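I have placed the structure first, in the form of structure tokens, so that the comments after it can refer back to it.
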Amino acid sequence: MRFLGFLARRILGIAAVMIGVSVITFAISHVIPADPAVAALGDHATAEQITAFRAEYHLDGPLSEQYLTYVGGLLHGDLGRSIRTRRAVADDLADSFPATLELSFAALLAAIVVGIPSGVWSAVFRGRPPDFVVRVLALIGGSIPVFWLGLIVIGLGYYQLGWFPGGGRIDLFVPPPPTRTGLYVVDSLLAGDLAALRSSLLHLVLPALTLGYFSTALIARMTRSSMLEVLGQDYIRTARAKGLRERVVIFRHGLRNALIPTVTIIGLTFGSLLSGAVLTETIFSWPGLGRYATASAVSLDFPAVLGVTLLAAVVYPLANLAVDIAYYWLDPRTQRG
Amino acid sequence: MASPAVGALRLRGAGLRAGAPVFANPLNAAALALIGAFAICAVLAPIVAPYDPLAQALGSRLEPPSPEHWLGTDQLGRDIASRLVYGARISLVIGIVVVALAGVFGTLVGLVAGYAGGLVDETLMRVTEVFLAFPPLILAMAIAGALGPSLTNAIIAIAAVTWAIYARLTRGQILSLRRREFVEAARAIGASRARILARHLLPNALAPLLIQASFDMGSAIISAAGLSFIGFGAQPPTPEWGVMISEGRNFISTQPWLSLFPGLAILFAVGSFNLLGDGLRDLFDPRLRRSV
């Protein structure tokens with residue numbers, strides 16, 4: 001019951017934030033100095049064409065009316081029509097979202113698989129060379145521009161070594177797997193298509209490593225500092241005094257307790273993954289939300305920009321909600337409070 | 001330049017002895033030295049830079065690093081080292097203006113919310129939460145795209161997505177401070193609200209704001225470079241580091257120095273502000289100093 005109350009409060013909070021999010025994005029795209037009608041039709045458009053365009057996209061009424069029309073459509077799953085692609089924004093988003101999701105999951109997975117052991121390693125060898133190496137790499141990860149890292153990684157992995165493809169989601173000559181989830185790796189596994197699986201995995205490596213480096217650094221730092229705190233506790237000394245093997249002390253007694261703050265950080269990095277995806281997708285020609293957002297913003301396609309921004313602003317708090325739920329189950333103290 | 005001034009501060013109310021050596025740690029000293037070098041390049045760009053950053057020399061296009069051009073030349077024969085030095089000036093201005101705009105606005109919102117409480121607090125914090133719900137770069141891109149691509153608009157966009165964190169931090173500090181005895185004492189002797197806020201609450205709430213400002217100097221530089229890279233920030237031929245990386249993109253397999261050096265410049269600049277932020281945090285929080 002208490003859990004349901006907690007969930008209801010959080011969902012209500014998210015709904016309130018969503019109303020604010022829709023007001024802000026709407027305000028940004030409707031109080032802009034550039035005229036979207038002129039941007040879409042070109043400088044040579046006639047006055048009649050511009051009037052017709054404004055009527056078609058509901059740009060001719062007062063702002064409050066335009067906002068209500070927009071929110072009304074939103075409640076019916078209608079995000080408007082893209083000026084650039086001439087398709088429903090919801091359809092465009094549905095097409096490009098799985099690509100971003102696949103890339104973000106792969107980046108997060110790489111970050112967890114590399115970040116947590118590095119953090120543990122660094123804490124166990126505190127003050128010695130492995131600790132120094134991890135801390136320097138973590139500092140670089142927190143300071144490196146993701147778009148530059150992407151270029152360097154392409155230069156090395158594609159141009160110099162030729163080990164990985166330089167862009168896209170799958171080889172041109174390999175037909176994509178039949179769509180079930182939109183995630184190529186999952187879909188090719190479901191279809192038993194090994195050629196598509198191999199190609200889509202190879203295409204994921206460079207962009208996922210690029211996008212995941214920042215999160216890896218964050219997770220490693222957080223794991224290190226919470227491990228150091230946990231390893232100084234009395235129950236760790238007790239476990240050692242009992243004669244338990246060091247490996248058991250570190251992983252079963254130390255890491256399990258040190259993971260709670262790390263889980264919070266994993267949720268928080270989701271926002272940075274979405275931001276990073278904009279730049280990573282642009283570099284790796286990854287047909288996801290980021291590339292769609294960039295192309296839409298360049299052509300002043302405000303319904304599309306609004307759609308992406310809204311979707312991103314929904315996903316981010318939902319990811320944090322998922323983390324809070326995980327936290328609720330992981331840490332019994334939060335259930336009492 | 002904000003950071004040396006920060007270093008000179010006597011950090012009262014932050015759990016430190018007055019006059020504690022703020023930068024005794026060698027890592028903090030290294031960070032400060034890098035920031036100092038960065039600031040010197042920015043301020044003395046016309047003296048430090050060997051060439052005009054915009055001067056084209058088509059006869060010496062795409063030259064690798066050499067004694068004449070330490071870091072090589074770009075596709076228009078412009079000297080990359082000179083462009084980097086002028087780029088430092090742009091990046092430093094971006095960092096300072098973003099942190100000043102976002103810091104001042106966010107701190108004011110947080111002060112008002114924390115001190116007023118009730119409906120005002122509730123309303124301001126809901127608005128803050130809305131801004132924190134956006135992935136920053138996507139919102140900044142939408143704002144910069146709507147205002148039109150330029151460096152000034154990129155700065156406005158980044159400040160618009162940065163202020164909320166200051167509001168939240170300041171409010172938290174004020175809430176924990178406003179019931180403290182020295183505030184009660186000030187109130188008892190008849191100090192006005194404005195005086196209590198400005199003279200008693202704000203100076204004691206400064207520590208986490210300074211740490212945040214240091215990190216945000218770095219993240220503002222990276223965000224602005226990112227926006228410029230995808231075309232929403234500074235425009236060519238401005239020697240901004242993101243623009244330089246973007247211009248060198250097509251030469252990454254043949255003349256990698258075009259993008260390599262501006263990227264390294266961003267890495268060092270942002271890394272030094274992050275190190276400084278870490279150092280300040282360790283100093284302000286002795287518990288962290290022991291464990292991290």
Side-chain angles (χ1 to χ4, degrees), chain A residues 13-14 16-21 23-25 28-29 31-34 139-140 142-149 151-152 154-155 158-160 221 224-226 228-229 232 270-276 278-279 282-283 290 293-294 296-298 300 302 305-306 308-309 312-317, chain B residues 27 126-127 129-149 157 160 215 218-219 221-223 225-227 229-232 241-242 245-246 248-249 252-254 256 259-260 262-264 266-275 278 287-288 290-292:
Chain A
I14 290 179
V17 166
M18 282 308 109
I19 295 174
V21 162
V23 171
I24 289 175
T25 46
I28 294 167
S29 51
V31 194
I32 56 176
L139 175 70
I140 294 175
S143 314
I144 203 165
V146 67
F147 52 98
W148 180 69
L149 177 64
L151 287 181
I152 300 294
I154 289 181
Y158 174 64
Y159 287 114
Q160 297 292 325
R221 279 174 64 127
R224 177 182 184 274
S225 69
S226 59
L228 283 177
E229 199 158 324
F270 212 81
S272 69
L273 284 178
L274 284 174
S275 280
V278 170
L279 296 163
T282 308
I283 291 164
T294 316
S296 306
V298 168
L300 288 179
F302 68 83
V305 175
L306 206 57
V308 176
T309 317
V314 173
V315 170
Y316 191 25
Chain B
L27 275 180
R126 288 293 87 80
V127 174
E129 237 169 65
V130 170
F131 276 87
L132 289 173
F134 291 100
L137 191 73
I138 295 182
L139 181 59
M141 195 177 78
I143 298 175
L147 294 174
F215 288 124
S219 65
I221 291 172
I222 254 187
S223 302
L227 284 178
F229 181 80
I230 50 177
F232 293 112
W241 294 340
I245 296 177
S246 171
R249 199 177 154 180
I252 193 71
S253 60
T254 47
S259 293
L260 188 68
L264 284 175
I266 298 178
L267 178 61
F268 279 111
V270 177
S272 54
F273 282 113
N274 284 348
L275 258 182
D278 279 346
R287 196 178 58 88
L288 265 175
R290 273 202 312 277
S291 62
V292 178

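Protein chains get the first letters and strands the later ones, always in sequence-line order, with residue 1 at the start of each. A quick note: this is a predicted structure, and the numbers were derived from the prediction, not measured.
- Counting heavy-atom pairs closer than 4.5 Å to chain A, the top-ranked of the candidates B:Asn274, B:Val130, B:Asp278 is B:Val130.
- Both the backbone and the side chain of A:Val21 come within contact range of chain B, with heavy atoms under 4.5 Å apart.
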Applying side-chain contact (heavy atoms from CB on, under 4.5 Å) to B:Ile252 and A:Tyr159, what does each step give before you reach the verdict? CA-CA 9 Å; B:Ile252 193 71; A:Tyr159 287 114; 3.7 Å; yes
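- When all heavy atoms of B:Gly271 and A:Leu139 are compared, the pair lying nearest together is O-CD1, 4.1 Å.
- Separating the CZ atom in B:Arg249 from the CG atom in A:Leu151 is a distance of 6.5 Å, to the nearest 0.5 Å.
- Ranked by non-hydrogen atom pairs under 4.5 Å with chain A, the options B:Glu129, B:Arg126, B:Met141 are led by B:Met141.
- Only the side chain of B:Phe232 has a heavy atom closer than 4.5 Å to any heavy atom of chain A.
- At a 4.5 Å heavy-atom cutoff, A:Ile19 makes no contact with chain B through either its backbone or its side chain.
- Contact record, A:Ala313 with B:Pro135: N-CD, 4.3 Å, taken as the closest heavy-atom pair.
- Considering only heavy-atom pairs separated by less than 4.5 Å from chain B, the leading option among A:Val23, A:Leu279, A:Val314 is A:Leu279.
- The two atoms that bring B:Ile245 and A:Phe147 nearest to each other are CD1-CE1, 3.7 Å, heavy atoms only.
- Residue with the most contacts toward chain B among A:Thr25, A:Ile152, A:Val308, A:Thr282: A:Thr282 (heavy-atom pairs, distance under 4.5 Å).
- Between chain B and the options A:Gly20, A:Gly13, A:Pro145, A:Gly155, the largest number of non-hydrogen pairs under 4.5 Å is found for A:Pro145.
- Inter-residue side-chain proximity for B:Ile222 and A:Val146 is flagged as unmet; no heavy-atom pair is nearer than 4.5 Å.
- B:Ile230 pairs in a side chain to side chain contact (heavy atoms under 4.5 Å, CB included) with only one of the listed residues (A:Val278, A:Ile283, A:Val298), which is A:Val278.
- A:Thr309 and B:Ala142 make their closest contact through OG1-CB, 4.2 Å (heavy atoms, listed as atom of the first residue, atom of the second, distance).
- In terms of heavy atoms, B:Ile138 sits closest to A:Ala312 at CD1-CB, 3.8 Å.
- In this structure, the portion of A:Ile24 lying under 4.5 Å from any heavy atom of chain B is its side chain and not its backbone.
- Heavy-atom distances place no part of B:Ile221 under 4.5 Å from chain A, backbone and side chain included.
- Residue B:Phe229 touches chain A through its side chain alone, counting heavy-atom pairs closer than 4.5 Å.
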